[in-house]
Number of protein chains: 2
Amino acid sequence: MEQLGATIRSLRTRSGLSQRALALEAGVSNGTISLIENHKLDPTVGQLKKILTALNISMADFFESNNKPVEAHFFTAEELVEIGRGEISYKLISRSGADQKLQIMSETYAPGTDTGPTLLSHDGEEGGIIVSGALEVFVLNKKRTLGPGDAYQFPSHLPHRFRNTGTVECRLITACTPPSI
Amino acid sequence: MEQLGATIRSLRTRSGLSQRALALEAGVSNGTISLIENHKLDPTVGQLKKILTALNISMADFFESNNKPVEAHFFTAEELVEIGRGEISYKLISRSGADQKLQIMSETYAPGTDTGPTLLSHDGEEGGIIVSGALEVFVLNKKRTLGPGDAYQFPSHLPHRFRNTGTVECRLITACTPPSI
DNA sequence: CTTATTCGTTTAGTATATTGACCGAAGCTA
DNA sequence: TAGCTTCGGTCAATATACTAAACGAATAAG
């Protein structure tokens, strides 16, 4: 209750809306907005949902607010954590504190390498951009061959597989959220 | 409202709890549980939180079930959406349906370009890897000059600025979550 | 100065969420 | 069979969320 009102107020003012403007758009009364912001009210989830919809934010995102990293981190090329073995190299941007939601990697696929016939599937969402070389990407029933500058994005629960059938190594940069090691 | 009650019931029965047992543990009445499960009630967020706590699940996790993208998306280099103007180019991997949480961009900074003295600050978390050239990154009170293969990551609410003081263009690939346009 | 507008807060009245007791059904024991 | 227990659903009474209107402060225009 404490945090909730303050967060609503923050989101509202950041959007440049008055209490009345937000109330109008959400379909609730202005008094309700005021009372919520001042912790005088425990809104129903239906009311909260209306308000968040007007603020263009989902319930999930709204309640995800409590885990915040507080510092910037820089990495030299040598400091990137090598987590791949063999012919596929994964270099990870990673802080030790495991509260990060965003995971960015520099990946290198040697010619002929493949994540294997067993399709991958896990939580989160992922995407990437090819830097050099070419890569075959299988997702669900789709297959695409991507070249430099091409990109992909999909929810990670869809079964997927990566394969380099070319003659040169393929470098790409990928990101996924949340980190799922 | 529809989905909510069904989800509560599913979580409860999966835990082997009766309505009364759950009500006792959550500190609410059994009637409340029954009415919620049958979509006769729009609970307050406080009540819902009590119930979810007894079920050992967070509000964030509870509401995260509804927003699932269902397809993989591929992009050719030409299809990337150009959202930058002038000397700084931002090319965005973007689906039209705006429910994605992950935003990946290919950015190009011409020599001498700068995001400007007014520091940027917004929600989410962001990071990137330098592909070619060099880039100065300011975050809060830190400044670093990054070269090819180097990387950074920080929460986006920290004031930040990017500048290319070199003589060649700088290319990098970045990711941020959530998208905040 | 007065008038008008917009802001956030407060409040009385109304709608609704919540409680606690009760109901019938189903299972179990004697 | 009767008696006991536990289940989920229902309902009158109560607590509380919600609304609509009013209030005071701040700003701007005439």
Side-chain angles (χ1 to χ4, degrees), chain A residues 1-66 68, chain B residues 1-67 118 121-123 157 180:
Chain A
M1 313 308 92
E2 280 304 308
Q3 187 64 271
L4 191 146
T7 307
I8 293 285
R9 170 158 288 177
S10 169
L11 290 169
R12 175 178 62 82
T13 55
R14 202 174 312 171
S15 301
L17 293 172
S18 69
Q19 291 181 344
R20 279 178 168 81
L22 174 57
L24 182 65
E25 194 149 352
V28 303
S29 74
N30 55 315
T32 300
I33 305 289
S34 175
L35 292 169
I36 290 174
E37 289 187 353
N38 292 295
H39 323 117
K40 300 285 186 187
L41 206 65
D42 178 16
T44 65
V45 324
Q47 294 280 1
L48 179 60
K49 193 172 225 164
K50 286 189 204 170
I51 294 167
L52 294 185
T53 299
L55 288 169
N56 202 32
I57 183 174
S58 71
M59 295 286 272
D61 290 340
F62 181 79
F63 286 107
E64 246 170 25
S65 48
N66 290 2
K68 303 213 172 180
Chain B
M1 312 307 93
E2 280 305 307
Q3 187 65 270
L4 190 146
T7 307
I8 293 285
R9 169 159 289 176
S10 169
L11 290 169
R12 176 178 64 81
T13 55
R14 202 176 311 171
S15 301
L17 293 172
S18 69
Q19 290 181 346
R20 279 178 168 79
L22 173 58
L24 181 65
E25 194 150 352
V28 303
S29 75
N30 56 314
T32 300
I33 305 289
S34 176
L35 292 169
I36 291 174
E37 289 186 353
N38 292 296
H39 323 119
K40 299 287 186 185
L41 205 66
D42 178 16
T44 65
V45 323
Q47 295 281 357
L48 178 60
K49 193 173 226 166
K50 286 189 204 172
I51 294 167
L52 293 184
T53 299
L55 288 169
N56 201 32
I57 183 175
S58 73
M59 295 285 275
D61 289 340
F62 182 78
F63 285 108
E64 239 169 31
S65 44
N66 291 4
N67 20 342
T118 304
S121 180
H122 46 91
D123 277 341
H157 66 84
S180 54

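Within every chain, numbering begins at 1; the chains are lettered A, B, ... in the order of the sequence lines, protein sequences first and strands thereafter. Heavy-atom basis, side chains included; hydrogens, waters and symmetry copies ignored.
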> Ignoring hydrogens and geometry, is there a side-chain-to-backbone donor-acceptor pair from B:T7 to B:Q3 under 3.5 Å?
Replying inline: yes
>> Using a 3.5 Å distance criterion without hydrogens, assess whether the side chain of A:R20 forms a donor-acceptor pair with backbone atoms of A:N30.
In response: no
>> Side chains of B:T32 and B:S29 only: does a donor on one sit below 3.5 Å from an acceptor on the other?
In response: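 Indeed, the side chains of B:T32 and B:S29 share at least one donor-acceptor pair under 3.5 Å.
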Nearest heavy atoms of [X] and [Y], plus distance in Å:
X     : Y     : answer
B:M59 : B:L52 : SD-CD1, 3.5 Å
B:P43 : B:L41 : CD-O, 3.4 Å
B:K50 : B:G27 : NZ-O, 3.9 Å

> If the sugar-phosphate is the primed atoms plus P, OP1 and OP2 and the base is the rest, what is the B/S/- string for nucleotides 11-26 of chain C, using protein heavy atoms under 4.0 Å?
Replying inline: ------SBBBBB----
>> Could you work out, with side chain to side chain donor-acceptor pair (under 3.5 Å) as the rule, every residue matching A:T13, not counting sequence neighbours?
In response: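 Side chain to side chain donor-acceptor pair (under 3.5 Å) check on A:T13 returns nothing, list empty.
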>> For chain A and DNA chain D, what are the first and last nucleotides along the strand, 5' to 3', with at least one atom under 4.0 angstrom from a heavy atom of the protein chain?
In response: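 Answer, 5' to 3': D:dA17 to D:dA22.
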>> What's B:S18 touching, base or sugar-phosphate or nothing? Going by heavy atoms closer than 4.0 Å.
In response: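 It contacts sugar-phosphate atoms only.
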> Around A:N56, counting heavy atoms of other residues, nucleotides and ligands shown, do more than 12 lie under 6.0 Å from its CG?
Replying inline: no
